[in-house]
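Note sheet for the following structure.
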Amino acid sequence: MAKHLLTTSVGSFPKPGKLITARSQFRRGQISLEQLQQAEEEATRQVIALQEELGIDIFVHGEMERGDMVAYFAENWQGFSESLPVRSYGNRYYRKPIVENVVALGDAVGLTVKSWQKASQMTNKPVKGMLTGPYTICDWSFNAYYPDRRSLVMDLAHLVHEEAVALEKAGAQYIQIDEPAISTRPEELDLAIEAMAIVTKGLNAKTISHICYGDFETILPGLFDLPVDQLDLEAANQHFALLDLLGRYRWPKSKELALGVVDVHTHRIESVDEVKAGIRRALEIVPLDNLLIDPDCGLKTRTWEEAEQKLRVMAQAVQEVREEDGLQ
């Protein structure tokens with residue numbers, strides 16, 4: 001693994017055609033759960049192989065077993081039911097969870113461990129354990145049981161903490177807790193910080209939180225208090241305007257920044273030179289040893305070909321910056 005400008009990805013990958021077909025067949029009762037899981041494992045192998053080919057430093061498993069980052073947990077934990085399809089953006093829909101009782105793990109303790117273990121066995125590179133944070137699970141669900149949002153977020157925080165502990169016990173060196181909803185309700189930043197403190201308490205693994213597409217001007221510099229080791233933030237989507245905002249503050253020595261340098265919500269493939277320019281702008285603000293490079297967000301909204309091309313551009317840009325600056 002490189003020593004500087006480590007590369008990674010945010011989490012999700014597009015599902016290959018064979019897996020899309022298998023998921024459809026399973027819903028219609030045409031294949032067994034075991035056959036679906038075999039298709040998921042094969043798709044995971046494709047994700048791992050691509051990252052190996054590109055020389056990525058810290059891997060993700062691609063989340064082939066998940067349809068939606070919140071619904072996946074709600075479907076497996078107790079206390080949830082699901083709504084009719086709700087539009088998330090564009091023409092994409094998901095079944096928004098409904099909290100109808102006390103939330104609990106039930107029999108799903110260590111829900112994410114098996115998929116993490118399988119992916120880890122496919123590579124010698126570290127693979128991130130992937131979780132959705134308690135604040136986002138609350139914000140992206142209908143609450144029909146708890147008296148207020150805080151009560152639900154706190155209960156969810158304890159569940160996510162147990163899942164993080166299970167991943168660490170299994171050997172995960174990196175645990176990412178996605179909290180994209182933090183940036184959409186700035187007035188509740190303190191609540192999200194309090195919940196994350198529960199999630200990460202006592203963990204020795206490196207903790208990461210991905211946050212995207214929101215009101216960063218309002219939540220900075222308070223966001224620096226989020227109790228994780230690394231903040232993963234998008235920048236390419238707004239032509240690296242985020243860097244101008246971050247430049248107003250001294251970057252905290254205790255935090256790493258994983259900077260999104262390719263936009264996952266456009267078909268356009270960035271040039272190597274524009275990605276390099278973004279990296280160099282970031283290096284004016286964030287110390288070299290604190291900076292990692294990745295896409296803006298999960299890649300699942302792209303085609304497989306687009307995801308590969310964007311990651312290839314990212315990897316090449318990083319390698320060129322390393323070579324030009326004499327970095328290992």
Side-chain angles (χ1 to χ4, degrees), residues 1-11 13 47-60 123-128 173-174 176 206 208 210-212 216 220 224 229-299 302 304-328:
M1 189 160 65
K3 293 183 179 179
H4 300 291
L5 296 178
L6 298 181
T7 53
T8 186
S9 193
V10 175
F13 267 62
V47 172
I48 296 297
L50 176 59
Q51 292 172 99
E52 292 277 15
E53 178 196 345
L54 298 178
I56 303 299
D57 297 295
I58 302 167
F59 284 17
V60 296
T123 178
N124 291 323
K125 295 286 185 70
V127 179
K128 290 192 283 190
Q173 302 172 45
Y174 298 84
Q176 182 170 309
K206 179 162 288 188
I208 305 153
H210 173 67
I211 304 156
C212 57
F216 286 104
L220 284 170
F224 295 150
D229 300 311
Q230 181 187 123
L231 295 174
D232 189 332
L233 307 177
E234 58 85 16
N237 182 262
Q238 297 295 326
H239 308 290
F240 295 93
L242 176 68
L243 295 177
D244 296 329
L245 180 57
L246 292 178
R248 299 178 191 175
Y249 310 99
R250 183 181 297 275
W251 185 262
K253 293 180 180 179
S254 61
K255 285 276 192 295
E256 293 179 345
L257 172 65
L259 184 73
V261 297
V262 291
D263 186 355
V264 303
H265 285 156
T266 178
H267 297 291
R268 188 180 75 87
I269 306 301
E270 292 81 357
S271 71
V272 171
D273 284 344
E274 67 185 282
V275 173
K276 286 171 62 178
I279 293 171
R280 294 202 177 281
R281 284 179 62 188
L283 286 170
E284 296 173 1
I285 299 166
V286 181
L288 173 63
D289 289 341
N290 293 60
L291 185 64
L292 295 86
I293 305 299
D294 65 2
D296 269 4
C297 197
L299 290 159
R302 298 299 93 217
W304 183 268
E305 292 74 19
E306 289 169 342
E308 178 180 345
Q309 289 175 318
K310 284 178 177 286
L311 282 179
R312 194 174 296 279
V313 166
M314 180 194 82
Q316 183 178 343
V318 168
Q319 186 58 33
E320 289 187 13
V321 170
R322 288 173 181 162
E323 292 174 356
E324 290 167 6
D325 291 10
L327 305 173
Q328 294 182 336

Check against side chain to side chain contact (heavy atoms under 4.5 Å, CB included), Thr123 and Glu52
CA-CA 8 Å; Thr123 178; Glu52 292 277 15; 2.5 Å; yes
Cys297 and His210 have their tightest heavy-atom pair at SG-NE2, 3.4 Å
Considering residues at least two apart in sequence or located in another chain, which fulfil the salt bridge (Lys or Arg N to Asp or Glu O under 4.0 Å) criterion with Asp57?
Arg322
Distance (rounded to the nearest 0.5 Å) between Leu242 CG and Leu233 CG:
5.5 Å
OG1 (Thr8) and CG (Leu311) are apart, to the nearest 0.5 Å, by 9.5 Å
Applying side chain to side chain donor-acceptor pair (under 3.5 Å) as the test, list every pair that has at least one member in residues 282-291; sequence neighbours left out.
His4-Asp289
Out of curiosity, Ile58 CD1 to Lys125 NZ, how far, rounded to the nearest 0.5 Å?
9.5 Å
Residues in side chain to side chain contact (heavy atoms under 4.5 Å, CB included) contact with Glu53, at least two apart in sequence or another chain:
Leu50, Arg312
The reported gap from CD in Gln319 to CD in Glu324 (rounded to nearest 0.5 angstrom) is 10.5 Å
So, taking the atom named CG in Leu257 and the one named CG in Leu292, what distance separates them when rounded to the nearest 0.5 Å?
8.0 Å
Quick check: do Asp325 and Arg280 have side-chain heavy atoms less than 4.5 Å from each other?
yes
Trp304 vs Phe13 aromatic rings, parallel, tilted or perpendicular, using cut-offs 30° and 60°?
tilted
Using a 4.5 Å cut-off on heavy atoms from C-beta on, say whether the side chain of Ile293 contacts that of Val321.
no
Is there a side-chain contact between Val261 and Phe240 in this structure, where contact means two heavy atoms from C-beta onward sitting under 4.5 Å apart?
yes
Are Arg281 and Asp244 close enough, and set up right, to give a side chain to side chain contact (heavy atoms under 4.5 Å, CB included), and what steps lead you there?
CA-CA 9 Å; Arg281 284 179 62 188; Asp244 296 329; 3.0 Å; yes
Do Val60 and Val10 make a side-chain contact, defined as non-hydrogen atoms from C-beta onward lying under 4.5 Å apart?
no
For Lys128 and Ser9 the tightest heavy-atom approach is NZ-O, 2.8 Å
Determine, for Asp296 against Lys310, whether the closest basic-nitrogen to carboxylate-oxygen distance falls under 4.0 angstrom.
no
More than 12 foreign heavy atoms under 6.0 Å from CZ of Arg250: is that the case here?
no
Rounded to the nearest 0.5 angstrom, the OG1-CD1 distance for Thr7 and Ile56 is 4.0 Å
Under the criterion side-chain hydrogen bond (donor to acceptor under 3.5 Å, both in side chains), I'd like the reasoning laid out for His265 against Arg302: C-alpha separation, chi angles, the key distance, then a yes or no.
CA-CA 7 Å; His265 285 156; Arg302 298 299 93 217; over 6 Å; no
Nearest heavy-atom contact between Gln230 and Ala258 is OE1-CB, 3.3 Å
Check: Glu305/Gln309 side-chain N/O donor and acceptor closer than 3.5 Å:
no
Heavy-atom distance under 4.5 Å between the side chains of Leu259 and Leu243, does that happen here?
yes
Between Phe224 and Leu231, is there a side-chain heavy-atom distance shorter than 4.5 Å?
yes
State, yes or no, whether a side-chain contact exists between Phe216 and Leu246 at a heavy-atom distance under 4.5 Å.
no
